[in-house]
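Following: one structure in C-alpha cells, then a few remarks.
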Protein chains: 2
Amino acid sequence: MTVDLSARQRILDAAAGLLSERGYGETSLRLLASEVGIKAASVYYHFDSKEALYTEVLQAGMDIMIDRFEAVEEADFDSGRSRLQAHVSGHLDALHSNLQYTALHVSEFRTAPATVRTQLVPRRDEYESMWTALLTAVLPETPATEISILRLGLFGAMNSSIDWFDAAKGGLGEFSDVITDAFWAGADNRKRRIAS
Amino acid sequence: MTVDLSARQRILDAAAGLLSERGYGETSLRLLASEVGIKAASVYYHFDSKEALYTEVLQAGMDIMIDRFEAVEEADFDSGRSRLQAHVSGHLDALHSNLQYTALHVSEFRTAPATVRTQLVPRRDEYESMWTALLTAVLPETPATEISILRLGLFGAMNSSIDWFDAAKGGLGEFSDVITDAFWAGADNRKRRIAS
DNA sequence: GTCTATAGTTCGATAGAC
DNA sequence: GTCTATCGAACTATAGAC
C-alpha cells in the first residue's frame, strides 16, 4: 500500500517531516528535494513558493483534526463524559497518527511567517469553536468564560503529548483517561464549590 | 531602573525576544545586532557562535523557572492542595514574567540544533524531577506511572498559556485555579474510582 | 569593544533545455 | 515534470584596524 503517491504528495509528506523536525528556517528546498529524490528547482513546478508549500502542509494538518472531530461526532454517547472522552481520544489519535502534519501545527505555528499564519486563522478558529461547543454541551452549567479556559488547558495538555509521547512505551489510552478525568472532575468540583 | 545593562546582557535580551518571535533560523545576527545598536561582527566579541548564544538564552530561561520553584518551596503550606496551587501560580508567573526567555524553552526546544539541545537536557531534567517529587508528595497514594502522566499533562496545560494568555484581558489567577482544580480533583477522583 | 571589509556558503527563485 | 545553470541576496564567521 501507499504506493504510487503523486510527486506533489511526496513533496508534501517530506516537507511535513522536515518542517516538524527542523523548523521552517532550517528546512531548505535543496534538502527537501533531496529527500524526495528530485532537484530543488522541480519543487517550483508544484508549488509557487516555500511559504505556499508551508501553508499547504499546515492546512492539511488542520483538516486532519477537523475531519476526525466530525467523525467522532457521528457516534451515539450515553453520557456527556463518554462524549468528551471519545473526543479526547480522537484528538490524540488523529494528532499522533499524522504527527508530521499535526505537530507542526502545534509547535511551529507561533513562529510561522505572518502571511502563512494569516491564511490559517479561519480554519483554526473553526476547530476551536467545535471544541467550545462540545464543552458547552457536556458542561451546561459551566459559565462561558470558564469553558474557554478549560478548552485552552485541555488543548495544552493534549497537544503537549507531541513532545513526550513514545508509542513504544505504551498507548495513549491512559493519558486520555487521566486528562478526561482531570478536566471532567475538575469542572464538576468547581461547580459544586461555587454553588455552595 | 534597568539602566546600564552590559552590552552582553542587552544582546541576550534582544536575542531572547527575536528567537521567541521568529525562531532560530529566521533570526540573523545582523538583525539581532541592529536591535542592540551594534554590528553583527561585534556579537562575536561576547559569544563564540550563534549556537552558543542560543544555548545561553535557553539556559537562562530554565534557571528562571528553577529559581522560582525553589523560592515557592520556602513557604509553609497548610495542605497539599495549597502547596500545589502555589507552585502552579509560581510556574505561570515565572513563565509570563520572562516570556521571551521561558516561552522559547517551551516552543523552540524541540527544533533546536542537536548540539544546543544536548547541553540543556540536564537542567531540564532537574526541573522536571522537582515537579515529580512535588506531585508524589502531595498525591502520596497515586502510583508513579500516573504521577508521570499527570506531570506531563499539567506542564502541557500550564505552558500552553504562552500561546494565548493576554495580560490585557485578565490575570493568570483564574487559569491557575482552574487547572489546579482539574489536576487535583481528577487525581482524587481516579484514586477513589480505582479503590472501589 | 566595536568597527569595516570580506571570505566562503547557502539560500529562494527564475530561465530555458529536454 | 524534471533537469542544469545561474542570479542576487542573505547568511555565519574571521581578520585586522582603531
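Everything numeric here is computed off the predicted structure, so don't read it as measured data. So that the names make sense, note that chain A is the first sequence line, chain B the second, and so on, each numbered from 1.
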Exercise for the section: Considering just the side-chain nitrogens and oxygens of A/Lys39, establish if one lies under 4.0 Å of OP1 or OP2 belonging to D/dT2. Expected result: no
Handout entry: Candidate nucleotides D/dC3, D/dG1, C/dC3, ranked by approach to the side chain of A/Tyr45 - the nearest
Key = D/dG1
Practice task
State, without any angle test, whether A/Asp13 and A/Tyr101 hold a side-chain donor-acceptor pair at a distance under 3.5 Å.
Solution key: yes
Handout entry: Salt bridge present between B/Arg10 and B/Glu35 (N-O < 4.0 angstrom)
Key = no
Practice task
Mind checking B/Ser42 for me? I need base, sugar-phosphate or nothing, with any heavy atom below 4.0 Å counting as a touch.
Solution key: base
Exercise for the section: Using a strict 4.0 Å threshold on nitrogen-to-oxygen distance, state whether A/Arg123 and A/Asp63 make a salt bridge. Expected result: yes
Handout entry: Closest nucleotide among C/dT14, C/dA13, D/dA13 to the A/Arg30 side chain
Key = C/dA13
Exercise for the section: Without swapping roles, check the side chain of A/Lys50 against the backbone of A/Ser28 for a donor-acceptor pair under 3.5 Å. Expected result: no
Problem - side-chain hydrogen bond (donor to acceptor under 3.5 Å, both in side chains) partners for B/Trp131, two or more places apart - result: B/Tyr127
Fill in the blank from the handout: Separation of C/dA13 atom C1' from A/Glu51 atom CD, nearest Å, is 13 Å
Problem - Among D/dC11, D/dT2, C/dC11, the one nearest A/His46 by side-chain distance - result: D/dT2
Exercise for the section: Could you tell me whether A/Ala7 contacts a base, only the sugar-phosphate backbone, or nothing, with contacts defined as non-hydrogen atoms closer than 4.0 Å? Expected result: sugar-phosphate
Practice task
Could I get the full list of side-chain hydrogen bond (donor to acceptor under 3.5 Å, both in side chains) partners for A/Glu51, not counting sequence neighbours?
Solution key: A/Thr115
Problem - Protein-nucleotide distance (A/Leu32, atom CG; C/dA13, atom C1'), rounded to Å - result: 14 Å
Exercise for the section: Using five base pairs at each end, measure the axis-to-axis angle across the helix from C/dG1-D/dC18 to C/dC18-D/dG1 and round it to 10 degrees. Expected result: 10°
Practice task
Grab the OH-P distance between A/Tyr24 and C/dC11 for me, whole Å please.
Solution key: 13 Å
Problem - Gap between atoms CG and P, on A/Leu29 and C/dT9 respectively (whole Å) - result: 21 Å
Practice task
Using atom OH of B/Tyr44 as one end and atom P of C/dA7 as the other, report the distance to the nearest whole Å.
Solution key: 17 Å
Fill in the blank from the handout: note: A/Phe47, atom CZ; D/dT2, atom P; distance rounded to Å ~ 11 Å
Exercise for the section: Report which part of the nucleic acid B/Thr27 touches: base, sugar-phosphate, or nothing (heavy-atom distance under 4.0 Å, all strands). Expected result: sugar-phosphate
Handout entry: Whole-Å distance separating the CD atom of B/Glu26 from the C1' atom of D/dA10
Key = 13 Å
Handout entry: Residue met sooner reading DNA chain C from 5', once A/Leu31 and A/Asp48 are mapped to nucleotides
Key = A/Leu31
Practice task
May I have the distance from A/Tyr54 (atom OH) to C/dG12 (atom C1'), rounded to whole angstrom?
Solution key: 16 Å
Practice task
For B/Arg110 and A/Ser20, indicate whether the former's side chain and the latter's backbone hold a donor-acceptor pair under 3.5 Å.
Solution key: yes
Fill in the blank from the handout: Among the nucleotides D/dT4, D/dA13, C/dG12, whichever has the atom closest to the side chain of A/Ser28 is C/dG12
